[in-house]
Amino acid sequence: MSEELKKITTNTLLNLKRKGEKISMITAYDFSFAKIFDKAGIDIILVGDSASNVMAGNETTVTITLDQMIYHAQCVRKAVSRSLMVVDLPFGSYQSNSDIALASAIRMMKESGAHAVKMEGGAEIADSIKKIIDAGIPVMGHLGLTPQSIYKFGTYAVRAKEAAEAEKLQSDALLLEKAGCFAIVLEKIPAQLANTVSKSLEIPTIGIGAGKDCDGQVLVMHDLLGINQEFRPRFIRQYLNLESSIQQAVQSYIGDVKSLDFPNESESY
Ligand code: KIV
């Protein structure tokens with residue numbers, strides 16, 4: 001089988017880092033988009049808890065439930081044939097103790113068919129991460145800006161600019177690697193810190209707002225495709241203006257319906 005058609009596994013990601021080839025990751029929450037992304041050759045599809053914002057219209061990721069994340073993951077899983085599919089464990093499904101964390105991860109794997117779970121946090125959740133990995137479930141870590149803790153931070157501003165927080169992040173990254181995580185998302189931290197962390201680890205880092213030296217990059221699909229023009233922080237590169245294209249298409253449709261142009265004879269039975 002050609003290299004391009006091979007399924008992506010956690011080992012593939014390690015090899016990509018060793019070879020110096022960057023890893024691509026995008027979020028998806030439904031069957032149709034996930035199918036397009038998988039076909040396009042993306043390495044990792046993340047069913048992010050950003051579903052809370054972009055799918056459900058909530059202000060934060062805090063409110064999405066495990067059942068809702070399982071639903072999105074089930075939809076995406078049916079579309080994935082080559083990419084590695086990672087799903088966020090949502091807030092409240094793993095923070096209280098390691099038994100509950102393991103039960104949540106097992107539910108996600110069994111009910112959705114996901115390949116791995118992602119969890120936000122460092123030393124505070126290391127025991128839970130270890131227990132989940134010991135049970136045979138791959139875990140992706142997530143450090144820096146961890147949106148599930150937004151009410152603790154009080155802001156979505158860049159994290160770890162001060163030395164103390166930067167040192168904790170570096171030691172958390174090493175701890176997650178030691179616990180057995182196969183990769184770590186670094187969100188909204190200074191590029192220099194992301195460079196240092198990436199160099200200190202054998203496992204890959206996947207950055208979002210963390211500069212070019214991470215071993216891979218992730219974007220939320222709505223940001224990459226330009227579905228929400230109101231959200232334009234500097235770390236986003238928008239590859240399409242889908243909001244405007246969709247609006248134009250729907251306006252044309254409305255016009256055609258109102259003017260009796262649609263449907264015409266060839267579009268009728
Ligand atoms: O939920 C999400 O979309 C994420 C990415 C921003 C990494 O966690």
Side-chain angles (χ1 to χ4, degrees), residues 13 22-30 33-34 37 42-66 68-73 75-76 83-95 104-105 108 112 114-122 125 129 138-150 153 155-160 169 173 176 181-189 194 197-198 203-211 214-225 227-228 231-238:
L13 304 180
K22 300 282 186 182
I23 297 162
S24 58
M25 171 160 145
I26 189 171
T27 66
Y29 317 94
D30 75 330
F33 276 109
F37 302 155
I42 198 86
D43 294 317
I44 308 173
I45 293 182
L46 170 68
V47 184
D49 60 358
S50 46
S52 185
N53 310 106
V54 298
M55 301 304 288
N58 297 320
E59 209 177 298
T60 72
T61 60
V62 173
T63 45
I64 198 161
T65 65
L66 184 58
Q68 288 166 336
M69 287 303 297
I70 289 172
Y71 168 74
H72 286 293
C75 299
V76 168
S83 311
L84 183 78
M85 179 182 148
V86 181
V87 186
D88 267 327
L89 287 185
F91 177 71
S93 71
Y94 62 93
Q95 285 86 353
S104 300
M108 178 57 75
S112 77
H115 302 138
V117 296
K118 177 163 83 58
M119 297 161 71
E120 296 183 5
I125 58 159
I129 289 182
V139 175
M140 176 180 271
H142 184 151
L143 297 172
L145 176 63
T146 48
Q148 292 179 12
S149 306
I150 182 57
F153 296 146
T155 161
Y156 287 104
V158 177
R159 303 303 312 175
L169 191 144
L176 294 186
C181 284
F182 68 88
I184 302 175
V185 167
L186 297 177
E187 180 164 354
K188 243 182 159 185
I189 61 170
V197 171
S198 303
I203 58 170
T205 59
I206 313 287
I208 175 161
C214 293
D215 304 301
Q217 297 292 328
V218 55
L219 281 175
V220 168
M221 58 162 277
H222 290 65
D223 300 337
L224 183 154
L225 298 175
I227 294 176
N228 177 8
F231 184 66
R232 298 291 296 272
R234 69 192 262 183
F235 65 82
I236 290 172
R237 185 174 294 180
Q238 192 186 294

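Keep in mind that the numbers below use all heavy atoms, side chains included, and drop hydrogens, waters and symmetry copies. Counting convention: from 1, in listed order, for ligands and their atoms alike.
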- Message: Run the ring-ring contact (aromatic ring centres under 6.0 Å, His included) test against Tyr94 and tell me which residues pass, sequence neighbours left out.
- Response: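 Counting only residues at least two positions away or on another chain, Tyr94 forms no ring-ring contact (aromatic ring centres under 6.0 Å, His included).
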- Message: Restricting to ring-ring contact (aromatic ring centres under 6.0 Å, His included), what partner residues turn up for His115, sequence neighbours left out?
- Response: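 Listed in chain order: nothing, the list is empty.
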- Query: Is any side-chain heavy atom of Met140 closer than 4.5 Å to a side-chain heavy atom of Met25?
  - Reply: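 Result yes, sub-4.5 Å side-chain heavy-atom pair found.
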- Taking the six-membered ring for Trp, are His222 and Tyr29 parallel (under 30°), tilted (30 to 60°) or perpendicular (over 60°)?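 Taking Tyr29 first and then His222, their aromatic rings sit tilted (interplane angle of 30° to 60°).
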- Query: In terms of heavy-atom contacts, does OH of Tyr71 have more than 12 from other residues, nucleotides or ligands at under 6.0 Å?
  - Reply: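 Atom OH in Tyr71 is not crowded, with 12 or fewer foreign heavy atoms closer than 6.0 Å.
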Expected rows: ligand 1 N/O, protein N/O, dist below 3.5 Å:
from	atom 1	to	atom 2	distance (Å)
ligand 1	1 (O)	Asp49	N	3.1
ligand 1	1 (O)	Asp49	OD1	3.0
ligand 1	1 (O)	Ser50	N	3.1
ligand 1	1 (O)	Ser50	OG	3.2
ligand 1	1 (O)	Asp88	OD2	3.1
ligand 1	3 (O)	Ser50	OG	2.5
ligand 1	8 (O)	Lys118	NZ	2.8

- Results of side chain to side chain donor-acceptor pair (under 3.5 Å) for Asn58 - residues two or more places apart only: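 Ser52, Thr63.
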